[in-house]
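For reference, the structure is listed below as C-alpha coordinates.
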Amino acid sequence: GRKQPTITNYFGRA
Amino acid sequence: MFELKMVKGSTLQGVLEAILDLVNVANVDCSSEGFSLQALDTEHVVFLSLFFPSEAFQSYRCDEDRSMGIAIADMVDFLRSSNDGDIITIKATDQNLEDITITLESPDKIKTMAIDLRLVDATSQCLKIPDWNDMESDYQAIFCMPSEEFRLNCKSLSVIDDDVVISVNEEVISFSTKGESGCVNISHVMNKTDKPEKASVILTHARGPLSLTLNWRYMKSCAKVSKLFDQVKIGLSTKRPLMVECQIVEKGYIRYFVAPLKAEEGKTET
(Lines give C-alpha, C1' and ligand atoms only; values in the text may rest on other atoms or scores of the structure.)
Protein backbone atom coordinates (compact mmCIF):
# COMPACT_ATOMS: atom_id res chain seq x y z
CA GLY A 1 0.00 0.00 0.00
CA ARG A 2 0.77 3.65 0.09
CA LYS A 3 3.29 4.86 2.60
CA GLN A 4 2.21 7.69 4.87
CA PRO A 5 5.19 10.05 5.31
CA THR A 6 5.95 11.02 8.90
CA ILE A 7 6.48 14.44 10.38
CA THR A 8 10.07 13.49 11.22
CA ASN A 9 10.74 13.71 7.45
CA TYR A 10 10.29 17.44 7.97
CA PHE A 11 11.43 18.15 11.52
CA GLY A 12 14.36 16.51 13.29
CA ARG A 13 14.47 15.25 16.85
CA ALA A 14 15.20 17.90 19.46
CA MET B 1 8.04 28.40 41.48
CA PHE B 2 5.49 27.96 38.74
CA GLU B 3 1.85 28.86 39.27
CA LEU B 4 -1.01 29.65 36.99
CA LYS B 5 -4.61 30.39 37.82
CA MET B 6 -7.64 30.45 35.56
CA VAL B 7 -11.39 30.09 35.64
CA LYS B 8 -12.77 26.80 34.33
CA GLY B 9 -14.33 27.33 30.94
CA SER B 10 -11.14 28.83 29.60
CA THR B 11 -9.70 27.36 26.43
CA LEU B 12 -7.06 25.22 28.17
CA GLN B 13 -9.26 22.27 29.06
CA GLY B 14 -10.77 22.12 25.56
CA VAL B 15 -7.30 22.14 24.06
CA LEU B 16 -6.09 19.39 26.38
CA GLU B 17 -9.17 17.29 25.52
CA ALA B 18 -8.32 17.58 21.82
CA ILE B 19 -4.65 16.74 22.42
CA LEU B 20 -5.82 13.44 23.91
CA ASP B 21 -6.70 12.38 20.36
CA LEU B 22 -2.96 12.48 19.68
CA VAL B 23 -1.13 11.55 22.87
CA ASN B 24 -1.48 10.68 26.54
CA VAL B 25 1.63 12.55 27.67
CA ALA B 26 3.18 15.81 26.50
CA ASN B 27 6.19 17.90 27.32
CA VAL B 28 5.51 21.36 28.73
CA ASP B 29 8.15 24.09 28.82
CA CYS B 30 7.43 26.96 31.17
CA SER B 31 9.01 30.39 31.15
CA SER B 32 8.04 33.83 32.42
CA GLU B 33 6.43 34.53 29.01
CA GLY B 34 4.02 31.61 29.20
CA PHE B 35 4.14 27.91 28.56
CA SER B 36 4.63 25.88 25.43
CA LEU B 37 3.67 22.29 24.78
CA GLN B 38 4.78 19.81 22.15
CA ALA B 39 2.98 16.62 21.24
CA LEU B 40 3.68 14.05 18.56
CA ASP B 41 1.05 11.43 17.73
CA THR B 42 1.94 7.76 18.08
CA GLU B 43 2.13 7.32 14.29
CA HIS B 44 4.40 10.39 13.97
CA VAL B 45 2.22 12.04 11.35
CA VAL B 46 0.85 14.96 13.37
CA PHE B 47 2.89 17.34 15.48
CA LEU B 48 1.31 19.91 17.72
CA SER B 49 3.09 22.95 19.03
CA LEU B 50 1.29 25.39 21.26
CA PHE B 51 2.13 28.48 23.22
CA PHE B 52 -0.16 29.82 25.93
CA PRO B 53 1.06 33.32 26.81
CA SER B 54 0.91 34.47 30.44
CA GLU B 55 -1.80 37.00 29.45
CA ALA B 56 -4.16 34.10 28.71
CA PHE B 57 -4.47 33.40 32.46
CA GLN B 58 -5.98 35.19 35.41
CA SER B 59 -2.57 35.05 37.04
CA TYR B 60 0.69 33.49 35.92
CA ARG B 61 4.07 33.20 37.59
CA CYS B 62 7.21 31.33 36.54
CA ASP B 63 10.41 32.27 38.38
CA GLU B 64 12.67 29.91 36.51
CA ASP B 65 12.39 28.09 33.17
CA ARG B 66 11.42 24.47 33.61
CA SER B 67 10.40 21.52 31.51
CA MET B 68 7.77 19.04 32.71
CA GLY B 69 6.38 15.84 31.23
CA ILE B 70 2.67 15.82 31.95
CA ALA B 71 0.21 12.92 31.84
CA ILE B 72 -2.43 14.83 29.90
CA ALA B 73 -4.95 11.99 30.17
CA ASP B 74 -4.85 12.09 33.98
CA MET B 75 -4.97 15.87 34.05
CA VAL B 76 -8.01 15.96 31.77
CA ASP B 77 -9.75 13.27 33.84
CA PHE B 78 -9.30 15.41 36.94
CA LEU B 79 -10.43 18.62 35.21
CA ARG B 80 -13.56 16.83 33.96
CA SER B 81 -14.62 16.36 37.56
CA SER B 82 -14.83 20.13 38.07
CA ASN B 83 -17.72 22.51 37.57
CA ASP B 84 -17.87 25.53 35.31
CA GLY B 85 -16.76 28.62 37.17
CA ASP B 86 -14.30 26.68 39.37
CA ILE B 87 -10.94 28.34 39.81
CA ILE B 88 -8.15 26.07 38.59
CA THR B 89 -4.65 26.50 39.97
CA ILE B 90 -1.66 24.57 38.59
CA LYS B 91 1.43 24.79 40.74
CA ALA B 92 4.96 23.37 40.79
CA THR B 93 7.45 24.24 43.50
CA ASP B 94 11.25 24.33 43.40
CA GLN B 95 11.39 21.90 46.33
CA ASN B 96 9.40 19.20 44.57
CA LEU B 97 10.47 18.48 41.01
CA GLU B 98 8.50 15.26 40.75
CA ASP B 99 4.91 16.47 40.97
CA ILE B 100 2.60 19.26 40.00
CA THR B 101 -0.42 20.16 42.09
CA ILE B 102 -3.74 21.00 40.46
CA THR B 103 -6.36 22.60 42.69
CA LEU B 104 -10.01 23.19 41.86
CA GLU B 105 -11.89 25.69 43.99
CA SER B 106 -15.60 26.47 43.74
CA PRO B 107 -16.42 30.16 43.13
CA ASP B 108 -17.97 30.42 46.63
CA LYS B 109 -14.77 28.83 48.04
CA ILE B 110 -16.79 26.15 49.86
CA LYS B 111 -15.29 23.17 48.04
CA THR B 112 -11.65 22.54 47.15
CA MET B 113 -10.21 19.51 45.37
CA ALA B 114 -6.52 18.99 44.79
CA ILE B 115 -4.44 16.39 43.02
CA ASP B 116 -0.69 15.84 43.02
CA LEU B 117 0.18 14.58 39.58
CA ARG B 118 3.44 12.71 39.13
CA LEU B 119 5.54 14.10 36.28
CA VAL B 120 6.51 11.67 33.51
CA ASP B 121 9.17 11.41 30.83
CA ALA B 122 7.77 12.92 27.64
CA THR B 123 11.00 13.87 25.90
CA SER B 124 10.14 11.58 22.97
CA GLN B 125 7.48 14.14 22.12
CA CYS B 126 10.06 16.82 21.34
CA LEU B 127 10.99 17.82 17.82
CA LYS B 128 13.21 20.62 16.69
CA ILE B 129 10.97 22.92 14.73
CA PRO B 130 12.18 26.18 13.20
CA ASP B 131 10.72 29.48 14.33
CA TRP B 132 7.54 30.24 12.41
CA ASN B 133 9.02 33.51 11.10
CA ASP B 134 11.80 31.48 9.45
CA MET B 135 9.40 28.90 8.05
CA GLU B 136 6.59 31.15 6.83
CA SER B 137 8.29 32.03 3.52
CA ASP B 138 8.35 28.31 2.60
CA TYR B 139 4.55 28.28 2.57
CA GLN B 140 3.35 28.99 -0.95
CA ALA B 141 -0.21 29.67 0.21
CA ILE B 142 -1.57 30.95 3.50
CA PHE B 143 -5.22 31.72 4.10
CA CYS B 144 -7.63 32.27 6.99
CA MET B 145 -11.14 30.95 7.28
CA PRO B 146 -13.87 30.89 9.93
CA SER B 147 -13.24 27.85 12.08
CA GLU B 148 -16.92 26.88 11.87
CA GLU B 149 -16.52 26.59 8.09
CA PHE B 150 -13.38 24.54 8.57
CA ARG B 151 -15.10 22.26 11.05
CA LEU B 152 -18.09 21.74 8.71
CA ASN B 153 -15.69 20.90 5.90
CA CYS B 154 -13.91 18.37 8.11
CA LYS B 155 -17.25 16.79 8.92
CA SER B 156 -18.58 16.52 5.36
CA LEU B 157 -15.26 15.32 3.94
CA SER B 158 -14.89 12.49 6.42
CA VAL B 159 -18.18 10.97 5.18
CA ILE B 160 -16.69 9.65 1.93
CA ASP B 161 -13.02 8.73 2.20
CA ASP B 162 -9.85 9.35 4.19
CA ASP B 163 -7.90 10.95 1.34
CA VAL B 164 -8.65 14.64 0.98
CA VAL B 165 -7.13 17.02 -1.55
CA ILE B 166 -6.75 20.68 -0.62
CA SER B 167 -6.13 22.83 -3.68
CA VAL B 168 -5.45 26.51 -3.71
CA ASN B 169 -4.83 29.21 -6.28
CA GLU B 170 -5.28 32.96 -6.12
CA GLU B 171 -9.02 32.71 -6.69
CA VAL B 172 -10.34 29.59 -4.96
CA ILE B 173 -9.52 27.16 -2.19
CA SER B 174 -11.12 23.75 -2.54
CA PHE B 175 -11.39 20.61 -0.44
CA SER B 176 -12.31 17.41 -2.22
CA THR B 177 -12.48 13.68 -1.69
CA LYS B 178 -13.80 10.74 -3.61
CA GLY B 179 -14.52 7.18 -2.64
CA GLU B 180 -16.72 4.22 -3.43
CA SER B 181 -19.86 5.93 -2.18
CA GLY B 182 -19.39 9.17 -4.12
CA CYS B 183 -17.44 12.39 -3.93
CA VAL B 184 -17.45 15.69 -2.06
CA ASN B 185 -16.14 18.95 -3.43
CA ILE B 186 -16.21 22.14 -1.37
CA SER B 187 -14.87 25.36 -2.78
CA HIS B 188 -14.54 28.80 -1.27
CA VAL B 189 -13.96 31.86 -3.43
CA MET B 190 -11.32 34.06 -1.84
CA ASN B 191 -12.47 37.38 -0.50
CA LYS B 192 -10.23 40.07 -1.89
CA THR B 193 -12.18 43.15 -0.87
CA ASP B 194 -10.80 45.68 1.56
CA LYS B 195 -13.62 44.96 3.97
CA PRO B 196 -13.73 41.19 4.33
CA GLU B 197 -16.92 39.73 5.72
CA LYS B 198 -16.74 37.66 8.85
CA ALA B 199 -17.66 34.45 7.03
CA SER B 200 -15.20 34.79 4.19
CA VAL B 201 -11.97 33.02 3.36
CA ILE B 202 -9.11 35.48 3.18
CA LEU B 203 -5.97 34.75 1.28
CA THR B 204 -2.82 36.10 2.90
CA HIS B 205 -0.64 35.10 0.00
CA ALA B 206 -0.42 32.53 -2.82
CA ARG B 207 2.42 31.88 -5.18
CA GLY B 208 0.86 29.85 -7.96
CA PRO B 209 -1.48 26.88 -7.72
CA LEU B 210 -0.72 24.09 -5.30
CA SER B 211 -2.42 20.99 -3.99
CA LEU B 212 -1.87 18.71 -1.00
CA THR B 213 -3.32 15.25 -0.46
CA LEU B 214 -3.81 14.30 3.17
CA ASN B 215 -5.16 11.41 5.13
CA TRP B 216 -8.05 13.20 6.83
CA ARG B 217 -7.98 10.79 9.78
CA TYR B 218 -5.09 12.82 11.13
CA MET B 219 -7.17 16.01 11.18
CA LYS B 220 -9.47 14.81 13.97
CA SER B 221 -7.71 16.58 16.84
CA CYS B 222 -7.19 19.68 14.74
CA ALA B 223 -10.89 19.93 13.85
CA LYS B 224 -11.75 19.56 17.53
CA VAL B 225 -9.41 22.36 18.62
CA SER B 226 -10.64 24.73 15.90
CA LYS B 227 -14.11 24.65 17.51
CA LEU B 228 -12.71 26.66 20.42
CA PHE B 229 -11.64 29.56 18.21
CA ASP B 230 -13.22 31.93 15.67
CA GLN B 231 -10.67 31.62 12.90
CA VAL B 232 -8.14 29.14 11.59
CA LYS B 233 -5.09 29.95 9.52
CA ILE B 234 -3.99 27.29 7.04
CA GLY B 235 -0.61 27.11 5.33
CA LEU B 236 0.20 24.91 2.32
CA SER B 237 3.68 24.14 1.11
CA THR B 238 5.48 21.59 -1.04
CA LYS B 239 8.48 21.67 1.33
CA ARG B 240 6.74 21.75 4.69
CA PRO B 241 3.88 19.87 6.32
CA LEU B 242 0.34 21.27 6.26
CA MET B 243 0.02 23.90 8.99
CA VAL B 244 -3.23 24.76 10.75
CA GLU B 245 -3.09 27.48 13.37
CA CYS B 246 -5.50 28.92 15.92
CA GLN B 247 -4.51 32.10 17.69
CA ILE B 248 -4.62 32.34 21.51
CA VAL B 249 -4.98 35.95 22.63
CA GLU B 250 -2.44 38.17 20.92
CA LYS B 251 0.82 36.25 21.07
CA GLY B 252 -0.25 32.66 21.63
CA TYR B 253 -1.03 29.90 19.16
CA ILE B 254 -1.81 26.26 18.61
CA ARG B 255 -0.17 24.93 15.46
CA TYR B 256 -0.82 21.55 13.95
CA PHE B 257 1.66 20.23 11.43
CA VAL B 258 0.40 17.28 9.41
CA ALA B 259 2.59 15.29 7.00
CA PRO B 260 0.79 15.13 3.65
CA LEU B 261 0.62 12.03 1.44
CA LYS B 262 1.45 14.12 -1.60
CA ALA B 263 2.26 17.74 -2.43
CA GLU B 264 2.08 19.08 -5.96
CA GLU B 265 2.95 22.48 -7.30
CA GLY B 266 1.56 24.11 -10.43
CA LYS B 267 -1.72 22.24 -10.54
CA THR B 268 -5.03 22.20 -8.76
CA GLU B 269 -7.68 19.50 -8.75
CA THR B 270 -10.74 20.22 -10.83
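As the structure is a computational prediction, the values presented were derived from the model and not from experiment. Here is how names work: the chains are called A, B, and so on, in the same order as the sequence lines, proteins then strands, and each is numbered from 1. Hydrogens, waters and symmetry mates play no part in the numbers below; they use all other heavy atoms, side chains included.
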Would you indicate whether the side-chain heavy atoms of A:Tyr10 and B:Met135 approach each other to under 4.5 Å? no

For A:Gln4 versus B:Tyr218, what's the shortest heavy-atom pair and its separation? OE1-CE1, 3.6 Å

Which residues in residues 233-247 of chain B have a heavy atom less than 4.5 Å from any heavy atom of chain A? B:Lys239, B:Arg240, B:Pro241

Which residues share a side-chain contact (heavy atoms from CB on, under 4.5 Å) with B:Val159, sequence neighbours left out: none

When rounded to the nearest 0.5 Å, the distance separating CG of B:Leu40 from OG1 of A:Thr8 is 7.0 Å

Are there residues of residues 43-52 of chain B whose heavy atoms fall under 4.5 Å of chain A's heavy atoms? If so, which? B:Glu43, B:His44, B:Val45, B:Phe47

By side-chain contact (heavy atoms from CB on, under 4.5 Å), B:Asp161 pairs with (sequence neighbours left out) B:Asp163, B:Thr177

Shortest non-hydrogen contact from B:Phe257 to A:Ile7? O-CD1, 3.4 Å

If you count heavy-atom pairs within less than 4.5 Å of chain A, which of B:Ile129, B:Asp41, B:Asn215 leads? B:Ile129

Determine the minimum heavy-atom distance between B:Ala259 and A:Pro5, stating which atoms define it. CB-O, 3.3 Å

